[in-house]
Amino acid sequence: MIEPGGEPGSTVSAAGARVRGRGYVLGRIVQMVPTLFLILLTAFVLLQLAPGDMVQVLAGEAGGGSPEYLASLRQSFGLDQPIHMQFLLYARNVLSGNLGFSFRNNASVTALIGARLGPTLLLAVAGLVVAVVVGVAAGTLAAARRGRPLDRFIGIAALLVYATPGFLLGIGLMLMFAVALPWLPVGGFMESHGLAGDWQRALSVARHLVLPAITLGALHAAIYARFTRAAMLEVYGQDFVRTARSKGLTARRITVRHVLRNALLPLVTVVGMQTGALLSGAILVETVFAWPGLGRLAFEAMQQRDYNLLAGLILCSGTLVVLVNLAVDLLYAVLDPRVTLK
C-alpha cells in the first residue's frame with residue numbers, strides 16, 4: 001500500500017531493494033554450505049588420523065577390557081560401520097549439537113567450548129576494536145602528514161610492532177604495566193575473591209582485559225595503519241577530492257567525509273580476511289595471560305592429545321570465521337551506498 005503523498009516509484013524501488021537484499025543474504029548463506037561441509041570433513045579426518053579410537057581411550061581410562069567388551073563398545077559407537085557411515089553419523093551428531101565427549105576433561109565438548117566461547121569472543125572483539133581504532137587513526141594521521149616527521153614516526157613504529165612476536169610484546173607489556181608499574185593485573189579473567197556486585201566483577205574483567213586486548217590488537221593495528229595510509233593516499237589523488245578542495249572545503253572535512261570513508265571499504269576486506277589470524281593469535285595471548293578462552297583450551301587439548309576436543313574447536317573456529325566473512329560482505333552496503341546487494 002502506498003502512503004498518501006508518497007511516490008509509487010520510490011515505494012516499488014524500496015520494496016525491490018529489500019527483496020534483492022534478502023535474496024543476496026540467502027545466496028551467501030547457501031554459498032557457506034560447501035565451506036562448512038569442508039570444515040566438518042576436516043574435523044572428521046582429524047579424528048580418523050588420530051592414533052587409536054574412542055574405545056581404546058575408554059579402555060585405557062578404565063584399565064583395559066576384554067575383546068568382547070571392546071567389540072560391543074565399537075558397535076554401540078558405530079565404529080564398526082564403514083567410513084562413510086561413520087561420517088554420516090558424525091555429521092548427524094554435529095548438526096544436533098553433539099560434538100563428542102572429552103574423556104580427559106570428563107565433560108562434553110559442547111559444554112567445554114560453550115564455557116570458553118564468551119571470554120574468547122570478548123577478547124577478539126576488544127582486540128579488533130583496538131586494532132581498527134588505533135590502526136585507522138594512525139594511518140589517517142600518516143596520510144594527512146605525508147612526508148613529514150609524524151608520518152615517518154608512525155611508519156617506524158608500525159614496522160617495529162609488526163616485527164615483534166606477539167608473545168614477546170605481551171610479556172613486555174606485562175613486565176611494564178603489571179610488575180614495574182603495578183597498575184594492571186598480571187593475568188587471569190577476574191579477581192577470585194573480594195567482588196561484591198556485578199559492577200565490581202565487570203570492572204575486574206575490564207582491568208584483566210586491557211593488556212591481552214592491546215597485545216592481540218597491536219600487530220593488526222600496525223597492518224591496518226599501513227593499509228589505511230596507502231588507501232587514503234590513493235583516494236587523495238581522485239578527481240572528486242580535487243573538486244572538494246576547489247569548493248573551499250577544509251582539509252579536516254575532506255579527510256573525514258570524503259577520503260577516509262572511501263578508504264574504509266578495502267580496509268573492511270582486510271579485516272574480514274584476517275579474522276582467522278586474529279583467532280589464531282588469541283592462542284598465544286590467552287596462554288601468556290592465562291585467559292580462559294578457546295585458544296588456551298586448544299593449547300591444553302594439544303598437550304593432552306584430546307582429539308575430540310580439537311575437532312570440536314576446529315568446527316567452532318571455522319564457523320566463526322565464515323560468519324564473520326558474511327557480516328563483512330553485508331557491511332559493504334552500509335559503508336558505501338554505491339554497493340548494491342544483488
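Within the 4.5 Å cutoff, side-chain heavy atoms of Thr319 are placed close to those of Leu323. Two residues are said to be in side-chain contact when any heavy atoms from C-beta on lie closer than 4.5 Å; Leu184 and Leu173 fail this criterion. Considering only heavy atoms from C-beta on, Glu286 stays 4.5 Å or farther from Leu297 through its side chain. By the 4.5 Å heavy-atom criterion applied to side chains, Ile39 and Val322 are counted as neighbours.
Cluster annotation: Phe227 is not connected to Val161 through the hydrophobic network of ILVMFWY side chains, with a link wherever side-chain heavy atoms come within less than 4.5 Å. In the hydrophobic clustering of ILVMFWY residues, with side-chain heavy atoms under 4.5 Å counting as a link, Ile214 and Leu175 come out together. Using a 4.5 Å cut-off between side-chain heavy atoms of Ile, Leu, Val, Met, Phe, Trp and Tyr, with links allowed through other members, Leu181 and Leu169 fall into the same hydrophobic cluster.
Under the 3.5 Å distance criterion, the side-chain polar atoms of Arg296 are matched with a main-chain donor or acceptor of Ala290. The backbone N or O of Gly97 lies less than 3.5 Å from a partner atom in the side chain of Thr110, making a donor-acceptor pair. At distances below 3.5 Å, not a single donor-acceptor pair connects side-chain atoms of Trp291 with backbone N or O atoms of Val285. Looking only at distances, a side-chain donor or acceptor of Thr164 sits under 3.5 Å from a matching main-chain atom of Leu160.
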Worksheet item: Is there a side chain to side chain contact (heavy atoms under 4.5 Å, CB included) between Tyr224 and Leu267 once you walk through the steps?
Response: CA-CA 7 Å; Tyr224 299 160; Leu267 179 64; 3.9 Å; yes
Practice prompt. Apply side chain to side chain contact (heavy atoms under 4.5 Å, CB included) to Arg245 and Tyr236, showing your working.
Written response: CA-CA 10 Å; Arg245 288 198 185 101; Tyr236 269 124; 3.4 Å; yes
Practice prompt. Check the pair Asp151, Arg229 against side chain to side chain contact (heavy atoms under 4.5 Å, CB included), reporting the backbone distance first and the verdict last.
Written response: CA-CA 9 Å; Asp151 180 24; Arg229 178 185 181 275; 2.9 Å; yes
Discussion item. Show, in sequence, the C-alpha distance, side-chain angles and deciding distance for Leu95 and Arg92, and conclude whether the side chain to side chain contact (heavy atoms under 4.5 Å, CB included) test is met.
Written reply: CA-CA 5 Å; Leu95 292 177; Arg92 187 186 67 180; 5.9 Å; no
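Note that CD1 of Ile254 is 12.0 Å distant from CZ of Arg242, once rounded to the nearest 0.5 Å.
Here Phe37 and Phe44 keep their ring centres 6.0 angstrom or further from each other.
Remark: of the listed residues Leu123, Ile113, Leu112, Ile113 is the sole one forming a side chain to side chain contact (heavy atoms under 4.5 Å, CB included) with Leu294. Tyr90 pairs in a side chain to side chain contact (heavy atoms under 4.5 Å, CB included) with only one of the listed residues (Asn93, Val94, Leu88), which is Val94.
More than 12 heavy atoms of other residues, nucleotides or ligands lie within 6.0 Å of CZ in Phe240, so this atom counts as buried by the packing criterion.
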